[in-house]
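Naming convention: chains lettered A, B, ... in sequence-line order (proteins, then strands); numbering from 1 in each chain.
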Protein chains: 2
Amino acid sequence: MKPKLTLKQIAFELDVSVSTVSKALRDSPEIGEDTRQKVKAFAKLYNYKPNNIALSLKNRKTRTIGLVLPEIVHDFFATVISGIEEVANKKGYNVIICLSNNSFDREVMNMEMLANGSTDGFILSVAKETQQKRDYHHLQEVINQGMPVVLVDRVVDEIICDKVIIDDAEGAAKAVQHLIDSGCRSIAIITTVDYVSVGKLRTNGYLNALRKNNITVNEDLILKIEDIDQSQEQIDEFLKSRNVDAVFAVNEQFAASAVKALVSKGLTVPEDVLVISFSDGELSRRFMPSLSTVNQHGAEMGARAAQLLIERLERVVDEERYQTAIINTSLIERESTLKTKKPVV
Amino acid sequence: MKPKLTLKQIAFELDVSVSTVSKALRDSPEIGEDTRQKVKAFAKLYNYKPNNIALSLKNRKTRTIGLVLPEIVHDFFATVISGIEEVANKKGYNVIICLSNNSFDREVMNMEMLANGSTDGFILSVAKETQQKRDYHHLQEVINQGMPVVLVDRVVDEIICDKVIIDDAEGAAKAVQHLIDSGCRSIAIITTVDYVSVGKLRTNGYLNALRKNNITVNEDLILKIEDIDQSQEQIDEFLKSRNVDAVFAVNEQFAASAVKALVSKGLTVPEDVLVISFSDGELSRRFMPSLSTVNQHGAEMGARAAQLLIERLERVVDEERYQTAIINTSLIERESTLKTKKPVV
DNA sequence: TTTCAACACGAAAACGTTTTCGGACCGGTA
DNA sequence: TACCGGTCCGAAAACGTTTTCGTGTTGAAA
């Protein structure tokens with residue numbers, strides 16, 4: 001077990017000073033050609049790499065991004081991570097990930113932990129519980145300390161900083177419009193409780209689309225789910241007693257559950273009822289029937305967030321001028337909204 | 001924007017020395033009761049938190065775990081991360097995540113990046129390309145530098161270190177046995193190319209189970225897939241021309257594709273053909289029919305890996321004695337292997 | 001009064017870098 | 001000879017901690 005090579009070691013071996021070694025390696029003109037070569041050769045031979053921690057301390061920069069997410073077993077967030085990782089790595093940054101598990105306390109803890117020198121800035125999607133409490137002091141605090149924050153997807157209006165979102169309402173409207181264009185008039189929505197920002201926005205999009213097409217909103221066709229663990233039962237129950245020709249679900253899980261509920265009711269998707277989902281993931285792609293959905297482009301959101309954060313860290317961007325990047329959604333049409341004759345099996 | 005409070009600042013404000021402040025905060029008996037109280041009160045008031053980077057440099061420990069994974073948009077790895085995060089956080093460690101995207105070069109780069117002081121040790125699941133190249137010098141290198149490594153899931157025999165795996169062969173055998181017990185005799189397997197260690201092991205489990213039950217292996221029922229992106233076509237093609245009463249797939253995606261292929265062939269699952277998958281994820285749970293599967297307990301694997309690594313970092317464990325933890329698999333029976341009368345729809 | 005603990009605190013080194021500043025040496029010019 | 005300007009290098013400070021060691025003050029014992 002050889003300990004890591006340091007400047008001091010090299011200096012000792014070559015009988016020069018530490019500063020000489022440092023300067024030689026950084027090609028300072030202060031150092032004579034021959035010693036420079038000697039040092040560089042030695043460093044290369046023994047594979048010297050500067051110690052990141054020491055550099056961080058010296059430069060007061062860690063080249064590390066703190067990422068705090070509500071969950072990770074979820075295609076959307078996974079793709080966001082991929083996007084962040086991609087650009088962060090390209091620019092020489094590391095990504096430190098913490099999971100809040102949708103808990104406010106863990107979110108606060110994680111941020112405090114990372115704020116003490118571990119990272120230069122944050123990318124964050126706030127926990128459900130945080131949205132419910134509306135307590136954002138931990139965000140404001142790190143911002144006050146001069147650490148830039150970029151909010152992703154689940155943003156909060158009260159905090160002024162860079163943000164990356166999709167136009168949830170527009171995406172939802174697009175989905176619902178697609179259902180309407182397919183001839184549906186009795187469209188149910190399966191959504192989340194209102195304090196989940198994106199859920200509320202998607203609900204709004206649903207409502208807007210209906211109004212725009214002069215379809216009267218039927219409150220009885222709106223199901224708001226609090227806990228995803230009991231969603232299947234609630235959806236079964238909900239759909240059993242209602243006659244609809246289409247269902248819009250604000251996430252893949254709800255959509256899959258809806259299909260299941262409809263089938264168990266003896267209906268067929270898409271022949272009898274169209275179903276469209278939100279957030280394109282493995283489930284939508286592989287489901288039978290494959291699910292039409294609104295693509296959130298998670299990787300792109302992550303990439304954009306990382307880019308915004310790094311630009312701010314490297315001050316190429318105007319201080320005090322924050323921007324909100326809106327990533328386009330796109331409608332992916334698959335089998336679940338394909339209105340055709342029932343195929344002969 | 002207030003800069004972070006440091007010991008020096010506190011010392012200056014309170015007109016004592018830095019060492020006094022440090023000792024007071026750590027409750028050293030060297031410091032008189034009154035100054036101690038004064039310092040602690042001040043620190044609390046202004047919410048002093050020691051700088052992690054400085055601590056890392058001083059202690060030569062970062063309390064950070066480097067995690068290098070092939071991919072993340074994949075339920076299994078996502079649950080592994082959850083498990084690691086959980087115990088790491090509990091023990092006061094951070095987790096730095098890097099993605100190799102199954103590329104050898106990126107895996108090497110990531111490890112070199114993290115090895116220069118950023119982390120105390122590694123948890124790693126090797127990239128597909130690395131398994132193919134059989135080049136593990138980057139692993140040996142960090143180990144030689146005294147950084148412990150724990151391999152997870154995709155392990156390599158050539159490296160001596162702690163490992164966490166499941167008994168892939170046994171899990172696969174369990175799945176196949178379940179099919180046999182349900183009366184199937186003509187069982188196809190959809191697996192990966194052999195250099196993917198877990199794929200090969202699962203294939204072996206399949207073979208073992210058949211032999212144990214005196215079913216002759218039919219090489220024609222074995223499909224090895226290299227690239228998941230073209231898997232659907234290959235699986236369609238494969239199943240179209242073969243008559244089987246069951247399919248064992250080594251992952252969820254293949255299983256879903258298999259069902260799709262069978263259905264498009266006019267067959268029904270599970271009435272005509274049973275299908276069982278490996279790795280319990282969202283897809284298996286939500287699919288229609290829901291897929292029976294072998295649960296890998298990813299969170300548990302991650303938790304165990306983190307535990308092993310931390311134990312080694314904190315030297316509570318015998319040096320030079322490495323262990324391989326084998327996490328139990330469990331068979332989850334769902335609709336896709338439920339042999340019943342065809343329900344009346 | 002002297003001596004000696006005990007007590008309370010500060011100075012300094014160390015972790016591994018980078019950078020500023022100063023200095024030694026050498027050649028050339030006045 | 002005296003001075004000056006380069007060239008090449010080293011000492012030291014700094015980043016924010018912890019810890020070892022030293023030191024000054026006090027009070028009590030001799």
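Using a 4.0 Å cut-off between charged nitrogen and carboxylate oxygen, B/E86 and B/K90 count as a salt-bridge pair. Classification of A/E311 and A/R321 as a salt-bridged pair fails, no side-chain N sitting under 4.0 Å from a carboxylate O.
The nearest heavy atom of DNA chain C to A/N51 and to B/S17 marks one nucleotide each, and the one closer to the 5' end goes with B/S17.
Note that the CD1 atom of B/I96 and the OG1 atom of B/T119 stand 7.0 Å from one another [nearest 0.5 Å].
Counting non-hydrogen atoms under 4.0 angstrom, B/L7 reaches a base of the nucleic acid. B/T6 comes within contact range of the sugar-phosphate backbone alone, with a heavy-atom separation under 4.0 Å but no base atom that close. Using a 4.0 Å heavy-atom criterion, one finds that B/K8 contacts the sugar-phosphate atoms exclusively.
Residues from residues 32-50 of chain B lying near DNA chain C, meaning a heavy-atom separation below 4.0 Å, are B/G32, B/T35 in numerical order.
No side-chain donor-acceptor contact under 3.5 Å links A/R36 to the backbone of A/P29.
B/T20 is listed as a side-chain neighbour of B/I31, based on a closest heavy-atom distance under 4.5 Å.
Side chain A/E30 to base D/dC9: a donor-acceptor pair is found below 3.5 Å.
A side chain to side chain contact (heavy atoms under 4.5 Å, CB included) with A/E107 is found for exactly one of A/S100, A/P70, A/C98, namely A/S100. Exactly one of B/I10, B/V21, B/L25 qualifies for a side chain to side chain contact (heavy atoms under 4.5 Å, CB included) with B/F42. That residue is B/I10.
A nucleotide of DNA chain C counts as in contact with chain A when one of its atoms lies under 4.0 Å from a heavy atom; the first and last such, 5' to 3', are C/dC15 to C/dC21.
Ring planes of A/F76 and A/H74: perpendicular class, angle over 60° (limits at 30 and 60°).
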